[in-house]
Amino acid sequence: MLDYKVVVDSWKISAEVDVLVIGGGTAGSVAAISAAREKKKTLVVEEFGFLGGTQTAGLVTPMMPNQIDKVPLNRGIDWEINSRMMEVGESGQWPDGNMGWFNPEMLKVVLEQLVTDTGADILYYTMFEDSIMDGNTIRGVSILNKGGRAAIIAKRVIDATGDADVAARAGVPFFSGDEATGTNQPFSVRFSAGGIDMPRFISFLNSLGRSEVTQHPKGSNTPLIHTAMVWGRDFPLEPVFRQAVKDGVLLETDGNYFQAFTVAGRSGEVFFNCPRITLQVDGTNPFHLTRAQILGRRAILRYLAFCRKYLPGCENASITSIAPMVGVRESRRIQGEYLLTAEDILGARKFPDAIARSNYPIDIHSSDEKGGMQLHHLPTGAYYEIPYRCIVPKVVDNLLVAGRCISATFEAQASVRIQTNCRAMGEAAGLASSISLDRSAPSRGVSGAELRSALRQRNASL
Ligand SMILES: Cc1cc2nc3c(=O)[nH]c(=O)nc-3n(C[C@H](O)[C@H](O)[C@H](O)COP(=O)(O)OP(=O)(O)OC[C@H]3O[C@@H](n4cnc5c(N)ncnc54)[C@H](O)[C@@H]3O)c2cc1C
């Protein structure tokens, strides 16, 4: 943590803004749009050279469904982004109404257009370094980039790093991992492969006895094909995996979790939600992240050899992308003014200061080497709400935290982390920062009920 008085006296100040968003990912890019829409001078700082975070750099697509009777539980900017992606033919609408079946490469473009058209500025290739504090008030951050080290001064800060980097450096207490052992959920290093003969691949999948071409999404020419394999769960691909392990093409652990599907706008390609990396999975530890990339790329080579040899239609497959960002499901979770629990989620609890709604189950990927996952569903037709207090950190004023690292237990985070919720939190954080500036009150002083009604006026489903 850096002292504000020292910084203003002796540091290079590279920008002064109303609202500073650190991390231009799933939540952060929406937070920037949201604040800039209220005519606040807004800057978003991002370590990559594009927006989208886990959705783009992590190749994590599609957005998990979050609808009841085809009506989205979150609307607002989330819905606008999905609609824009549909307009440009780079997403498709599933029969359940979900419009989040997006092409990550085009999402980079659409997010950047929306952010800059709204009037927010972007600073790419820049790492957050430290929080600049004046007592319990955050006054800005220090950054590192090719220009060296500098400070950005801000009236309000939104931590959208996914790992609560800003909050942690500002002195906000946090949790990480499950409450009993501190173990985090596994990482994944996602990838995609092209050059696939789809008609042959589809007829092979269908020949396994279970049709895997499940839908023809509206607005896209690409059929949605989905296939998966987890040992011992009766997946039709299990004998094929068993043979590949016997032949030395795959390792036993490669069958702990395998998932592949097509994506809108990417004909001839398949995207993979694997390999999964267990052990040493602290997303804030650069050594763990490095190990994951190295192990991940080795596993991707095995999966590629497997696809070419055992999956008809994939003989000429080649890698089209490997995620430059390790997929981190969960790392730090801040201690905020309210701690969301599994009971709140499964009990479909509602809050007067709600900023998002969700019916996504608690979805915990096991970190032990045997893999597997646990799913705990809400009752049919039920949904829970996320209160504003979950994005308001303890201790520090003028800081909000949006995205997967909000104040939630390990189990609750395993539901709230889906992308539509992160976007809704980002929109709420941007709007709350603006309201707090208008009221000359700290971010923590914003009335959650007032925020909720302001979000409603923006077409949020609250
Ligand atoms: C493997 C995997 C599979 C998943 N599957 C799905 C799925 O199918 N559907 C779904 O809806 N959700 C899924 N999720 C969950 C969801 O994708 C994430 O929880 C969500 O995208 C996280 O959003 P975020 O805004 O918190 O973080 P991110 O989107 O990761 O954004 C954080 C941003 O901050 C930047 N950043 C971080 N630190 C710094 C720093 N120090 N300085 C500067 N910039 C920084 C990053 O580069 C990034 O752009 C999955 C997650 C993973 C990891």
Side-chain angles (χ1 to χ4, degrees), residues 20-32 44-66 74 78 98 100-102 104 107-108 111 122-131 141-145 152 158-169 184-191 226 257 259 261 263 271-277 281 283-284 286 289 292 296 323-333 358 360 363 365 373 391 401-406 408 413-426 429:
L20 175 63
V21 182
I22 304 295
T26 316
S29 42
V30 178
V44 56
V45 169
E46 168 55 45
E47 66 175 297
F48 285 99
F50 51 84
L51 299 173
T54 297
Q55 292 193 290
T56 56
L59 290 180
V60 174
T61 178
M63 299 179 73
M64 283 292 101
N66 195 46
N74 295 317
D78 174 30
N98 181 18
W101 184 47
F102 65 92
L107 184 65
K108 294 176 185 172
L111 287 176
I122 302 173
L123 183 62
Y124 286 140
Y125 301 117
T126 299
M127 282 292 286
F128 158 81
E129 185 207 37
D130 210 344
S131 299
V141 304
S142 64
I143 51 161
L144 274 174
N145 57 22
I152 300 175
I158 298 172
D159 179 345
T161 58
D163 298 312
D165 288 357
V166 182
R169 293 296 306 166
N184 297 105
Q185 289 199 50
F187 296 151
S188 293
V189 180
R190 288 197 173 201
F191 70 105
H226 173 250
Y257 192 90
Q259 195 182 21
F261 41 83
V263 165
F271 280 64
F272 296 80
N273 183 16
C274 52
R276 196 153 77 158
I277 311 293
V281 286
T284 63
L289 293 168
M325 173 197 256
V326 174
V328 176
R329 289 186 169 81
E330 159 270 332
S331 60
R332 293 189 192 105
R333 308 183 310 273
S358 184
Y360 190 67
D363 171 5
H365 291 242
M373 61 195 287
I391 71 168
V401 180
R404 65 173 187 246
C405 50
I406 62 163
Q413 192 274 353
S415 171
V416 299
R417 70 165 187 266
I418 59 165
Q419 294 168 3
T420 170
N421 291 339
C422 291
R423 283 185 178 168
M425 294 174 211

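In listed order, ligands and their atoms are each counted from 1. Sequential numbering from 1 along the given sequence is applied to the chain's residues. Everything numeric here is computed off the predicted structure, so don't read it as measured data.
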Do any heavy atoms of R276 fall under 4.0 Å from ligand 1?
-> no
Are E46 and V21 close enough that some pair of their side-chain heavy atoms sits under 4.5 Å apart?
-> no
Check whether any side-chain heavy atom of I406 sits under 4.5 Å from a side-chain heavy atom of M425, and report yes or no.
-> yes
Main-chain N/O of V281 paired with Q185 side-chain donor or acceptor, under 3.5 Å | no
Closest protein heavy atom to atom 41 (N) of ligand 1, given as residue, atom name and distance to 0.1 Å | D165 OD2, 3.1 Å
Is there any N or O on F48 that sits under 3.5 Å from an N or O of ligand 1?
-> no
Any side-chain heavy atom of V45 within less than 4.5 Å of one from F128?
-> no
A student checking ligand 1 against G23 at a 4.0 Å heavy-atom cut-off should list atoms 33 (C), 34 (O), 35 (C)
Where Q419 and F102 come nearest, the two heavy atoms and their spacing = OE1-CE2, 3.5 Å
Would you mind checking which non-hydrogen protein atom is closest to atom 44 (N) of ligand 1, with the distance to 0.1 Å?
-> E47 N, 3.3 Å
Which is closest to atom 19 (O) of ligand 1 by heavy-atom distance: M325, H365, R417?
-> R417
Is a side-chain donor-acceptor pair under 3.5 Å present for T284 with D163?
-> no
With side chain to side chain contact (heavy atoms under 4.5 Å, CB included) as the test, would you mind laying out the steps for V60 and R190 before giving the verdict?
-> CA-CA 7 Å; V60 174; R190 288 197 173 201; 3.8 Å; yes
E46 N/O under 3.5 Å from ligand 1 N/O = yes
Geometric N/O contact I22 with ligand 1, under 3.5 angstrom = no
Tell me, which protein residue and heavy-atom name are nearest atom 25 (O) of ligand 1, and how many Å apart are they?
-> A27 N, 2.9 Å
Quick one: does R404's side chain get under 4.5 Å of V328's, heavy atoms only?
-> yes
Trace of the side chain to side chain donor-acceptor pair (under 3.5 Å) decision for S142 with D130 = CA-CA 5 Å; S142 64; D130 210 344; 5.3 Å; no
Report, in ascending order of atom number, the atoms of ligand 1 lying under 4.0 Å from any heavy atom of R404.
-> 19 (O), 26 (O), 27 (O), 30 (O)
Nearest non-hydrogen protein atom, atom 3 (C) of ligand 1 = R190 NH2, 3.4 Å
CZ (F48) and OG1 (T126) are apart, to the nearest 0.5 Å, by 13.0 Å
The protein heavy atom nearest to atom 31 (O) of ligand 1 is G25 CA, 3.3 Å
Polar-atom distance check: G403 versus ligand 1, any N or O pair below 3.5 Å?
-> no
Ligand-residue contact atoms, ligand 1 with G327, heavy atoms, under 4.0 Å | 53 (C)
So is P62 in contact with ligand 1, going by heavy-atom distances below 4.0 Å?
-> yes
For atom 21 (O) of ligand 1, the closest protein heavy atom turns out to be T26 OG1, 2.8 Å
In this structure, atom 42 (N) of ligand 1 is nearest to the protein heavy atom F128 N, 2.9 Å
Does any N/O atom on Q419 come nearer than 3.5 Å to any N/O atom on ligand 1?
-> yes
Is the shortest heavy-atom distance from the side chain of S358 to the side chain of T420 under 4.5 Å?
-> no
Does any N or O atom in T420 lie less than 3.5 angstrom from one in ligand 1, N or O only?
-> no
Could you tell me whether some N/O pair between N273 and ligand 1 is separated by less than 3.5 angstrom?
-> no
Note: heavy atom closest to atom 43 (C) of ligand 1, options V401, V44, T126, I143, belongs to T126
With a 4.5 Å heavy-atom cut-off, do F261 and P62 have their side chains touching?
-> yes
Counting N and O atoms only, with roles assigned by atom type, does the side chain of T26 sit under 3.5 Å from a partner on the main chain of G403, one being a donor and the other an acceptor?
-> no
Candidate with minimal heavy-atom separation from atom 33 (C) of ligand 1, of G100, G162, A160 | A160
Are any of the N or O atoms of I418 closer than 3.5 Å to those of ligand 1?
-> no
Could you list which atoms of ligand 1 come closer than 4.0 Å to a heavy atom of S188?
-> 1 (C)
Check whether any side-chain heavy atom of T61 lies under 4.5 Å from a side-chain heavy atom of L107, and answer yes or no.
-> no
Close approach, E330 and ligand 1, non-hydrogen under 4.0 angstrom = no
Donor-acceptor under 3.5 Å (S131 side chain, V166 main chain) = yes
C422 heavy atoms within 4.0 Å reach ligand 1 at atoms 20 (C), 22 (C), 23 (O)
Between T54 and ligand 1, is there a nitrogen or oxygen pair with a distance under 3.5 Å?
-> yes
Side-chain contact, heavy-atom cut-off 4.5 Å: V189 with F187?
-> no
In ligand 1, which numbered atoms sit nearer than 4.0 Å to a non-hydrogen atom of G53?
-> 29 (O), 48 (C), 49 (O)
Please step through side chain to side chain contact (heavy atoms under 4.5 Å, CB included) for the pair I418 and M63, ending with a clear verdict.
-> CA-CA 7 Å; I418 59 165; M63 299 179 73; over 6 Å; no
Nearest protein heavy atom with distance in Å, relative to atom 13 (C) of ligand 1 = V60 CG1, 3.6 Å
Mind checking whether T61 has an N or O less than 3.5 Å away from an N or O of ligand 1?
-> no
